[in-house]
Amino acid sequence: MTILVTGGAGYIGSHTALALLEAGYSVVVLDNLANASRESLARVEALAERTLTFVEGDIRDRGVLDRLLNEHEFSAVIHFAGLKAVGESVSQPLGYYENNVSGTVTLCQAMQAAGVFKLVFSSSATVYGDEHPMPLHEGLPTGKPTNPYGRSKLMVEEVLQDLAHSDTRWSIARLRYFNPVGAHESGQIGEDPQGIPNNLLPYVAQVAVGRRDCLAVYGSDYATPDGTGVRDYIHVMDLAEGHLCALNTLLNNKNDCYTWNLGTGQGYSVLEVIDAFERASGVTIPYRIESRRPGDVATCWSDPTLAERELVWKAKRDLTTMMVDTWRWQQRNPQGYR
Ligand code: NAD
Ligand code: WQD
């Protein structure tokens with residue numbers, strides 16, 4: 001079976017491409033390399049000891065999509081391609097709506113024309129907004145994301161729901177990720193942010209490896225046990241395996257529009273993450289407390305039981321493993337893929 005993976009050269013896409021190859025699927029990656037390097041896929045091929053097909057192209061380019069979908073018999077599409085920097089989305093909303101929303105519409109139009117109706121989509125816990133008590137479960141109404149990035153994910157979720165209702169040939173999984181971290185245990189592939197990292201773990205890892213001086217902890221006055229923000233960090237390989245389970249479910253079940261949380265169900269504070277990283281790496285992380293980051297919520301963690309039951313999937317790697325694997329990747333690749 002052949003799977004089209006959009007955005008497959010990126011962080012989560014490359015780990016999922018590896019899991020797909022190891023599970024015996026053939027993989028075609030479409031990526032415009034806006035936030036990725038071709039090197040990630042060379043390493044995926046080396047780890048899997050199998051080749052994949054890479055096409056440098058854009059999901060907004062209908063011609064490229066039509067050509068690809070005609071050339072291959074895809075069983076499904078896993079759709080990671082998109083822009084994900086929250087702050088940038090505030091200053092460049094049109095770019096985010098064009099890439100994330102229009103790009104997904106174009107992809108679905110091309111899939112429909114080619115008769116490919118199974119789609120796994122990268123959504124985010126951000127669609128829940130900030131008004132629900134924890135843990136977050138799929139039965140809760142979606143909320144009001146606080147930025148254009150989050151709104152683009154919510155818009156796409158709604159587009160996909162409408163699409164599945166309009167035509168029963170569609171089978172769609174909307175996967176709501178919590179906070180993906182970590183790297184493949186080989187240390188060969190991992191997260192390689194361009195510029196200053198927006199997310200906690202890449203920043204901590206770059207401080208540890210000497211690329212940055214000091215971590216800013218955004219707020220110590222939240223209503224949490226130690227005052228810092230609490231999140232549900234999930235190992236990227238657990239996430240990748242969750243995609244394979246979602247894919248299997250789409251391939252073997254009736255047509256529907258499914259929504260599954262991919263999280264661990266366990267929250268950790270910023271200070272707990274720093275402590276776990278220091279213990280895993282043996283490196284002290286200098287940090288200073290700063291004011292809250294606008295748009296941040298105090299707590300965010302999942303109820304993962306629906307995915308556990310329906311996908312027969314459970315995140316199994318603990319916080320220590322997430323830190324050990326992050327550190328192995330960062331230590332072996334201090335400048336990322338460059
Ligand atoms: P990433 O930036 O590493 O990967 C996205 C990939 O898509 C990159 O390789 C980029 O070059 C490619 N891309 C972007 N626009 C494209 C376009 N128009 N055409 C073709 N390729 C394009 O990000 P990631 O962390 O791997 O995230 C993957 C998906 O998961 C994204 O949709 C993101 O919004 C979503 N997500 C990520 C997180 C997270 O914290 N990492 C959390 C929730 C959801
Ligand atoms: C985690 C915690 C910060 C950086 C974001 C997006 C979300 C999703 C995942 C895509 C928070 C604190 C962070 C730093 C810090 N992405 N922090 N110093 O904000 O939960 O989620 O990425 O869908 O949409 O909003 O993740 O890693 O940025 O922050 O103190 O330098 O770490 O305040 O409490 P977040 P994060």
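Within the 4.5 Å cutoff, the side chain of T2 has no heavy atoms near those of the V27 side chain. S281 has its side chain out of reach of Q330: every pair of non-hydrogen atoms, C-beta onward, lies at least 4.5 Å apart. With a 4.5 Å cut-off on side-chain heavy atoms, R38 and F54 count as touching. Two residues are said to be in side-chain contact when any heavy atoms from C-beta on lie closer than 4.5 Å; P141 and H132 meet this criterion. Between K84 and Y149 there is a side-chain heavy-atom pair separated by less than 4.5 Å. Between Y287 and L271 the shortest side-chain heavy-atom distance falls below 4.5 Å. When side chains are defined from C-beta on, L244 counts as touching L20, because their heavy atoms get closer than 4.5 Å. For the pair N35/L83, no side-chain contact is recorded, criterion being any heavy-atom separation below 4.5 Å from C-beta on.
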Using side-chain hydrogen bond (donor to acceptor under 3.5 Å, both in side chains), reason through D325 and H235 one step at a time and then give a plain yes or no.
CA-CA 9 Å; D325 290 343; H235 195 292; 2.8 Å; yes

Apply the test side chain to side chain contact (heavy atoms under 4.5 Å, CB included) to residues L136 and D303: give CA-CA distance (whole Å), side-chain angles for both, the deciding distance (0.1 Å), then the verdict.
CA-CA 5 Å; L136 297 165; D303 176 343; over 6 Å; no

Any chance you could lay out the side chain to side chain contact (heavy atoms under 4.5 Å, CB included) test for H184 and M237, step after step, and finish with the verdict?
CA-CA 6 Å; H184 187 258; M237 287 311 300; 3.8 Å; yes

Evaluate the side chain to side chain contact (heavy atoms under 4.5 Å, CB included) criterion for residues V29 and V55: first the C-alpha distance (whole Å), next the side-chain angles of each, then the deciding distance (0.1 Å), finally the verdict.
CA-CA 6 Å; V29 167; V55 177; over 6 Å; no

Mind running side chain to side chain contact (heavy atoms under 4.5 Å, CB included) on T228 and S269 for me, showing each step along the way?
CA-CA 6 Å; T228 64; S269 73; 3.3 Å; yes

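Across every non-hydrogen atom of G265 and D232, the tightest pair is N-OD2, 3.1 Å. Looking at every heavy atom in both residues, P145 comes nearest to R151 through O-NH1, 3.0 Å. Taking both residues in full, the closest heavy atoms of V181 and M322 are given as CG2-SD, 3.5 Å, listed atom of the first, atom of the second, then distance. The minimum heavy-atom distance between V127 and G150, with the atom names listed, is CG1-O, 4.4 Å. Of all non-hydrogen atoms in V207 and P286, the two that sit nearest each other are CG1-CD, 3.7 Å. Taking both residues in full, the closest heavy atoms of A9 and A36 are given as O-CB, 3.5 Å, listed atom of the first, atom of the second, then distance.
With 3.5 Å as the limit, one finds a donor-acceptor pair spanning the side chains of Y128 and N261. Checked by atom type, the side-chain pair E278/T284 shows no donor-acceptor distance below 3.5 Å. Using a 3.5 Å distance cut-off with no hydrogens or angles, the side chains of D318 and T320 do not pair a donor with an acceptor. No side-chain donor from either of W260 and E138 sits under 3.5 Å from a side-chain acceptor of the other. Looking only at atom types and distance, the side chain of S171 has no donor-acceptor partner in the side chain of N255 under 3.5 Å away. No hydrogens or angles considered: a donor-acceptor pair under 3.5 Å links the side chains of Y96 and E88. Counting only N and O atoms by type, the side chains of Q161 and R174 include a donor and acceptor under 3.5 Å apart. Residues Y97 and S102 have side chains that never bring a donor and an acceptor to within less than 3.5 angstrom of each other. For W329 and E191, the side-chain atoms include no donor-acceptor pair closer than 3.5 Å. For the residue pair R43 / N333, a side-chain donor-acceptor distance below 3.5 Å is found, with atom types taken as modelled.
Distance alone, capped at 3.5 Å, places no donor-acceptor pair between the Q112 side chain and the F117 backbone. Checked by atom type and distance alone, the side chain of R231 never pairs as donor or acceptor with a backbone atom of G267 at under 3.5 Å. Judged purely by atom type and a 3.5 angstrom limit, K153 uses its side chain to pair as donor or acceptor with the backbone of S122. Panel note: side chain R279, backbone M323; no donor-acceptor pair is recorded below 3.5 Å.
With sequence neighbours excluded, the residues forming a salt bridge (Lys or Arg N to Asp or Glu O under 4.0 Å) with D66 are R62, listed by chain and number.
Salt bridge R338/D192: present, at least one basic N to carboxylate O contact under 4.0 Å. A salt bridge is defined here as a Lys NZ or Arg NE, NH1 or NH2 lying under 4.0 Å from an Asp or Glu carboxylate O, and E98 with R60 meets this definition. Taking 4.0 Å as the cut-off between side-chain N and carboxylate O, R176 and E157 count as a salt-bridged pair.
Note that the CD1 atom of I3 and the CG atom of L247 stand 4.5 Å from one another [nearest 0.5 Å]. For the atom pair CD (E22) and CD (E241), the distance works out to 9.5 Å, reported to the nearest 0.5 Å. The line from OG1 of T104 to CG of L160 is 7.0 Å long, rounded to the nearest 0.5 Å. Residue L4 holds its CG atom at 13.5 Å from CD of E73, rounded to the nearest 0.5 Å. Taking CG from L163 and CG from L119, the interatomic distance works out to 8.5 Å, rounded to the nearest 0.5 Å. Atom-to-atom distance recorded for L250:CG and N252:CG is 9.5 Å, nearest 0.5 angstrom.
In the hydrophobic clustering of this structure, V105 does not group with M111; members are Ile, Leu, Val, Met, Phe, Trp, Tyr whose side-chain heavy atoms approach within less than 4.5 Å, directly or through other members. Follow the hydrophobic side-chain contacts under 4.5 Å out from V116 and you reach I59 in the same cluster. Tracing side-chain contacts under 4.5 Å through hydrophobic residues (I, L, V, M, F, W, Y), one never reaches V270 starting from W301; they form parts of separate clusters. Y218 and I285 sit in two unconnected hydrophobic clusters of ILVMFWY residues. Membership requires side-chain heavy atoms under 4.5 Å apart, directly or through other members. Linking ILVMFWY residues whenever their side-chain heavy atoms come closer than 4.5 Å, directly or via other members, places L311 and M1 in the same cluster.
Listed by first and then second residue, the ring pair (Phe, Tyr, Trp, His ring centres under 6.0 Å) pairs involving residues 58-83 are H72-F74, H79-F121, F80-H243 (not counting sequence neighbours).
Around the CG atom of D167, the shell of radius 6.0 Å holds more than 12 heavy atoms that belong to other residues, nucleotides or ligands. Atom CD of E185 sits in a sparse spot, with 12 or fewer heavy atoms from other residues, nucleotides or ligands closer than 6.0 Å.
For R292 and Y222, the positive end sits near the middle of the six-membered ring, less than 6.0 Å away and at most 45° from its axis.
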